[in-house]
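Just so it is clear, the structure is predicted and the values come from calculations on it, not from any experiment. Nothing fancy with the numbering, it's 1 onward along the sequence.
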Amino acid sequence: MRWFVIACSLIFLAVMANIAWVQYFVGVSYRAGLGVVPILLLANLCLGVFFNLSIWYKLTEQTRFGTYLALWGAAVTLALNFWWIPRFGFMGAAWATLICYASMAFWSYLLGQKHFPVPYDLKRLLGYPMLAVALYAIMTRVDGLAPLAELLARNGVLAVFSRGGVAPGAKAAVAMNGDPQ
């Protein structure tokens, strides 16, 4: 799962580093919604982690837990959407999606460790997305430059992640001679 998280974190940063020109692939009337892009990218990272974690209940033939987790996710989504959409509009729905998927991954991890323990390296699995979010926060502070300079600065931050995040992960995987995560 480590490589999935690294790839999604890298995609998150790559999209956000280049959103200034990627936005032109979207119609002008839709660009007001670009604020949900980082939230939904992180939400889908959480959904992917959930799918990776969900293998435990299939392997142990306890698929009822898939139903429980899906019902949990539906309840969280409905409750937060009813609460936040009237107050925050589509941004409320985006945050509800992120919280839903993150909580589903969290509960799947906890239940999986009880019924089918896998020694996930949580420090790395949580560290890559947290580093990506921190670097994105730095990217958002790069404003007021000429467009080309801003693009280069944001992609420089992306290069920092690529060098600091992916390279050590590759070294660790090679050193382990196989990586179940």
Candidate pair Y120 and Y109, rule side chain to side chain contact (heavy atoms under 4.5 Å, CB included), full reasoning | CA-CA 10 Å; Y120 292 112; Y109 172 78; 3.8 Å; yes
Where do S103 and W72 come nearest, in terms of heavy atoms and distance?
-> OG-NE1, 2.9 Å
Please check if the side chain of S54 supplies one atom and the backbone of F51 the other of a donor-acceptor pair under 3.5 Å.
-> yes
Go through the steps for V36 and F90 under the test side chain to side chain contact (heavy atoms under 4.5 Å, CB included), then give the verdict.
-> CA-CA 8 Å; V36 301; F90 59 83; 3.3 Å; yes
On a heavy-atom basis, the closest approach of T63 and K58 is CG2-CA, 4.4 Å
Give the intermediate values and the outcome of side chain to side chain contact (heavy atoms under 4.5 Å, CB included) for residues L98 and L40.
-> CA-CA 7 Å; L98 174 57; L40 292 179; over 6 Å; no
Rounding to 0.5 Å, atoms CG (L80) and CD1 (I85) come to a distance of 9.5 Å
Taking only residues at least two apart or on different chains, which pairs with a member in residues 22-35 satisfy side-chain hydrogen bond (donor to acceptor under 3.5 Å, both in side chains)?
-> none
Does the side chain of L158 reach to within under 4.5 Å of the side chain of M16, using non-hydrogen atoms?
-> no
For C100 and V76, which heavy atoms make the closest approach, and how far apart are they?
-> CA-CG1, 3.7 Å
Check V133, I6, L45, L10 against Y128 for a side-chain contact (heavy atoms from CB on, under 4.5 Å) and give me the one that passes.
-> I6
Taking all non-hydrogen atoms of both residues, which atom of F50 and which atom of M104 are closest, and how far apart?
-> CD1-O, 3.5 Å
Measure up the H115 and F65 rings against each other and bin them: parallel (under 30°), tilted (30 to 60°), perpendicular (over 60°).
-> tilted
Near W84 CH2, under 6.0 Å, is it more than 12 heavy atoms from other residues, nucleotides or ligands?
-> yes
Minimum heavy-atom distance T140-R154, with the two atoms named | CA-NH2, 4.3 Å
Answer yes or no: are there more than 12 heavy-atom neighbours, outside R141 itself, under 6.0 Å from its atom CZ?
-> no
Closest heavy-atom contact between L53 and A105?
-> CD1-O, 3.3 Å
Nearest 0.5 Å please: distance from the CG atom of L131 over to the CG atom of L126.
-> 12.5 Å
Distance col, row F12:CZ vs L135:CG, nearest 0.5 angstrom, shows 9.5 Å
